[in-house]
Amino acid sequence: MQEAELHDLSDDADYAASQQEGSASMMRCDSSKLSTSSETEGAEIVYLKDNVAIHPTQYAFERISGRLKLIKQGSALFMTWIPYKRQSTNAKLSEKDRNLYTIRAVPFADVRSIRRHTPALGWQYIIVVLSSGLAFPPLYFYNGGVREFLTTIKQHVFLVRSVEDTNVFLLNDFQNPLQRTLSSLELPRAVPIPSMPSAPVLPRESTSHENQERTDVGISDLFRESHGNGFRPLERRKSNQSDDYSHKPSDDAEGVAVQSPVAPDPVEFDKLSLVWGKPRQPPLGLEEWATFLDSEGRVVDSKALRKRIFYGGIEHKLRKEVWAILLGHHTYESTYAERKHQRSIKKTEYETIKSQWQSISPAQAKRFTKFRERKGLIEKDVVRTDRSLSFYDGDDNPNVNLLRDILLTYSFYNFDLGYCQGMSDLLSPILLVMEDESESFWCFVALMECLGPNFNRDQSGMHSQLFALSKLVELLDNPLHNHFKQNDCLNYFFCFRWMLIQFKRELEYEKTMRLWEVLWTHYLSEHLHLYLSVAILKRYRGKIIGEQMDFDTLIRFINELSGRIDLDATLRDAEALCICAGERGADCIPPGTPPSLPVDNGLLYSQQDEVL
């Protein structure tokens with residue numbers, strides 16, 4: 001392998017806004033000292049950039065803007081990002097939120113790599129990855145400045161461009177450049193643990209060119225039917241969905257002194273005996289369902305209905321009607337007549353969208369690379385999705401063709417997201433239950449409003465879930481957390497598939513449907529799947545710790561659990577953990593973490609690495 005190229009940033013191009021606004025908002029002060037009394041004596045600002053933002057949710061209008069600085073103190077270089085006190089966007093940023101999202105004086109000695117994203121359309125952003133394998137949220141440069149940021153860093157820190165990916169810059173790469181290059185390739189390329197030669201799956205579109213160049217290095221079984229890419233969890237500050245926070249905010253001064261994160265206090269599990277083992281109920285049947293409706297078909301008490309489904313699920317013959325309501329395709333307040341009318345309108349709308357890709361001629365397709373790639377990937381995936389079920393079994397199965405048609409139509413409905421591997425797994429049970437193409441499509445659309453961030457290009461959805469899971473394990477089982485820390489497993493990649501497709505490949509098909517309808521109630525939490533993950537890990541903690549499982553061993557062990565998870569018992573455990581964690585548990589989960597309920601106002605910001 002050729003030697004990595006040093007400090008070559010010549011091919012970096014800033015976003016057009018930087019050319020329009022110039023460098024007025026960036027200040028280079030190589031010799032001036034920091035003037036504020038709160039900052040340590042002898043520190044100097046070597047880079048300053050305003051209007052650098054993070055996106056705590058998938059909605060652009062909720063972005064949080066702030067000021068990014070590089071600060072030199074002695075021979076050390078630090079990075080800070082401080083959100084503005086008054087936001088010009090619609091972000092509801094309390095003083096506590098400011099402290100949760102603030103990045104305070106991170107030393108570059110603790111930084112492993114920086115990934116630069118330069119989309120054809122949209123804003124440049126970077127992802128800073130720490131040596132621990134965790135990463136900060138993507139930092140979006142709304143006014144350009146990425147080139148200056150990297151150029152400034154290379155003046156003070158040893159910087160190596162990865163030979164495998166020219167958009168990845170490795171820091172402090174002294175001892176073993178080859179190993180660092182292989183192990184530190186940014187999020188989509190490799191697992192960030194130096195001792196691990198493996199790469200778990202990433203939810204993204206795959207082109208034929210990428211598939212040829214990609215090397216499988218040992219963890220293809222993480223997502224058995226998919227090609228693997230790497231992934232890093234997102235280092236986000238803990239915050240709650242509500243305005244109530246159980247921890248005290250940190251000092252708001254822009255100090256240089258490094259602040260170590262404070263671990264949450266472990267929950268005392270003697271409380272679990274009060275709620276553990278709460279019995280599950282039989283599934284909701286037709287007669288009982290009727291008691292929740294008025295004479296015109298409205299749900300009288302949605303909370304009581306959700307609680308009932310949470311504890312028992314739904315009989316299969318009733319799922320078609322209830323799933324459409326749970327997913328939000330129909331509202332709880334809708335009548336029989338209104339639901340019938342909506343089905344008619346939505347069917348026409350679906351056919352209109354479907355006709356867009358059906359009308360593409362072979363000559364057009366030859367000149368439409370993105371369409372060909374998406375269509376080819378969908379066709380490849382649907383023929384291996386749940387073919388053991390009679391509903392999808394056999395050659396020329398019309399239901400397999402429906403899977404293909406719905407997914408292709410969705411790729412035109414949501415141009416920005418398109419199709420990513422794993423979506424066919426999420427659609428399959430919906431089509432089996434709804435047995436109607438249009439209704440299945442709109443229920444899938446509703447589901448993707450919550451789970452769509454799992455497939456974001458910047459990986460924010462998966463980042464925040466794995467980060468939240470690590471914090472919940474730290475809160476609810478500190479010895480297990482310490483084991484993962486000692487064995488370089490804090491990235492929680494071994495739980496990646498659980499998050500991505502909601503345990504679809506871990507449970508029998510009927511149990512998967514039962515779990516999903518429980519999760520869709522959002523009864524105790526929008527994020528019960530995270531507590532479910534903690535419950536599974538806790539059930540096997542003795543084996544995991546006793547056998548000193550490292551990452552590769554954990555991957556194999558977790559995969560071997562497929563089909564062996566006791567769903568009812570695990571749901572009881574998850575309920576107990578959720579209740580006992582309380583507000584401290586909610587504080588571990590960043591706002592907007594999937595599958596958060598969608599917001600009706602505002603548009604999703606586009607997936608900017610690629611456009612249809």
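All residue numbers refer to positions in the sequence shown, counting from 1.
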(request) Would you mind checking if E439 and K320 are paired as a salt bridge, meaning a charged N to carboxylate O distance below 4.0 Å? (result) no
(request) Taking E506 for its side chain and I565 for its backbone only, find out whether a donor-acceptor pair lies under 3.5 Å. (result) no
(message) Under the criterion salt bridge (charged side-chain N to carboxylate O under 4.0 Å, His left out), I'd like the reasoning laid out for E560 against R556: C-alpha separation, chi angles, the key distance, then a yes or no.
(response) CA-CA 6 Å; E560 289 169 0; R556 291 191 294 270; over 6 Å; no
(message) Taking the side chain as everything from C-beta on, heavy atoms only, tell me whether P594 gets closer than 4.5 Å to M499.
(response) no
(message) Which heavy atom of R339 sits nearest to which heavy atom of S334, and what is that distance?
(response) NH1-O, 2.7 Å
(message) I need the minimum non-hydrogen distance between S113 and L171, along with the two atoms involved.
(response) CA-CD1, 4.0 Å
(request) Could you grab the distance from atom CG of L150 to atom CG of L159, nearest 0.5 Å is fine? (result) 7.0 Å
(request) Hey, could you give me the CD1/CG distance between I353 and L408, rounded to the nearest 0.5 Å? (result) 13.0 Å
(message) Looking at H316, I want to see if its NE2 is surrounded by more than 12 non-hydrogen atoms of other residues, nucleotides or ligands under 6.0 Å.
(response) yes
(request) Anything under 30° is parallel, anything over 60° is perpendicular, the rest tilted; go ahead and classify H117 against Y125. (result) parallel
(request) Begin with the C-alpha distance, continue with both residues' side-chain angles, and end with the deciding distance and a verdict on side-chain contact (heavy atoms from CB on, under 4.5 Å) for M448 and N414. (result) CA-CA 10 Å; M448 292 302 291; N414 189 340; over 6 Å; no
(request) Verify the distance criterion only: is there a donor paired with an acceptor across the side chains of Y509 and S428 at less than 3.5 Å? (result) yes
(message) Could you tell me if the side chain of Y413 sits less than 4.5 Å from the side chain of F441, heavy atoms only?
(response) yes
(message) Checking side-chain polar atoms at under 3.5 Å, does N454 have a donor or acceptor matched by the opposite partner on Q465?
(response) yes
(message) Quick check against the 3.5 Å criterion: does N399 have a side-chain atom that pairs as donor or acceptor with the backbone of F391?
(response) yes
(request) Answer yes or no: is there a donor N or O on one side and an acceptor on the other, between the side chain of R115 and the main chain of N167, under 3.5 Å? (result) no
(message) Between L507 and L515, is the side-chain contact (heavy atoms from CB on, under 4.5 Å) condition met? List the steps.
(response) CA-CA 9 Å; L507 301 168; L515 171 62; 3.6 Å; yes
(message) Between F494 and F496, does the ring-ring contact (aromatic ring centres under 6.0 Å, His included) criterion hold? Intermediate values first, please.
(response) CA-CA 6 Å; F494 47 88; F496 190 98; over 10 Å; no
(request) State, with a plain yes or no, whether a side-chain heavy atom of L417 is found less than 4.5 Å away from one of M423. (result) yes
(message) Any salt bridge linking K375 with E379? Criterion: basic side-chain nitrogen under 4.0 Å from a carboxylate oxygen.
(response) yes
(message) Would you call the rings of F371 and F368 parallel, tilted or perpendicular, taking 30° and 60° as the class edges?
(response) tilted
(message) Let me confirm one number: the CG-CG distance from L466 to L490, rounded to the nearest 0.5 Å.
(response) 11.5 Å
(request) Measure the OG1-CD distance between T118 and Q124 for me, rounded to the nearest 0.5 Å. (result) 4.5 Å
(request) Please confirm whether Y410 and Y419 have ring centers closer than 6.0 angstrom. (result) no
(request) Scan W442, W323, W520 and name whichever one has a side chain to side chain contact (heavy atoms under 4.5 Å, CB included) with L447. (result) W520
(message) Looking at every heavy atom in both L469 and L530, which two are closest together, and how far apart are they?
(response) CD1-O, 3.7 Å
(request) Determine the minimum heavy-atom distance between I126 and R116, stating which atoms define it. (result) CG2-CA, 4.3 Å
(message) Do the side chains of E351 and K354 get close enough for a salt bridge, i.e. N-O under 4.0 angstrom?
(response) no
(request) Kindly indicate whether the side chain of Y350, heavy atoms from C-beta on, has any atom under 4.5 Å from the side chain of T409. (result) yes
(request) Check whether any side-chain heavy atom of C443 lies under 4.5 Å from a side-chain heavy atom of M434, and answer yes or no. (result) yes
(message) Could you measure the distance from the NE2 atom of H527 to the OG atom of S533? Nearest 0.5 Å is fine.
(response) 12.0 Å
(message) Given 3.5 Å as the limit, does a donor-acceptor pair link the side chain of R367 with the main chain of A363, or not?
(response) yes
(message) Does any part of the side chain of M513, heavy atoms only, come nearer than 4.5 Å to the side chain of L432, both counted from C-beta?
(response) yes
(request) Give the minimum heavy-atom separation between S440 and I406, together with the two atoms involved. (result) CB-CD1, 3.8 Å
(request) For the pair S355 (side chain) and T352 (backbone), establish whether a donor and an acceptor sit closer than 3.5 Å, ignoring hydrogens and angles. (result) yes
(message) Rounded at 0.5 Å granularity, tell me how far CD1 in I378 sits from NZ in K380.
(response) 12.5 Å
(request) Could you walk me through whether T593 and F467 pass the side-chain contact (heavy atoms from CB on, under 4.5 Å) test, one step at a time? (result) CA-CA 10 Å; T593 297; F467 173 70; over 6 Å; no
(request) Check the pair M79, F149 against side-chain contact (heavy atoms from CB on, under 4.5 Å), reporting the backbone distance first and the verdict last. (result) CA-CA 10 Å; M79 182 187 78; F149 176 77; 4.1 Å; yes
(request) Could you tell me whether the side chain of Y392 reaches within less than 4.5 Å of the side chain of V382, counting heavy atoms only? (result) no
(message) So which atom in I64 and which in W81 form the shortest heavy-atom distance, rounded to 0.1 Å?
(response) O-CZ2, 3.4 Å
(message) Between K49 and E148 (salt bridge meaning N to carboxylate O under 4.0 Å), is one present in this structure?
(response) no
(message) Closer than 3.5 angstrom, by distance alone: can the side chain of S344 be matched with the main-chain N or O of K340 as a donor-acceptor pair?
(response) no
(request) Mind running ring-ring contact (aromatic ring centres under 6.0 Å, His included) on Y140 and H55 for me, showing each step along the way? (result) CA-CA 8 Å; Y140 289 81; H55 292 168; 4.1 Å; yes
(request) Measure the shortest side-chain to side-chain distance between C489 and L554 over non-hydrogen atoms and say whether it is less than 4.5 angstrom. (result) yes
(request) Before giving the answer on side-chain hydrogen bond (donor to acceptor under 3.5 Å, both in side chains), spell out for R387 and N397 the whole-Å C-alpha distance, their side-chain angles and the decisive distance to 0.1 Å. (result) CA-CA 10 Å; R387 298 306 296 274; N397 188 308; over 6 Å; no
(request) Check for a donor-acceptor pair, side chain of W123 on one end and backbone N or O of A53 on the other, with a separation under 3.5 Å. (result) no
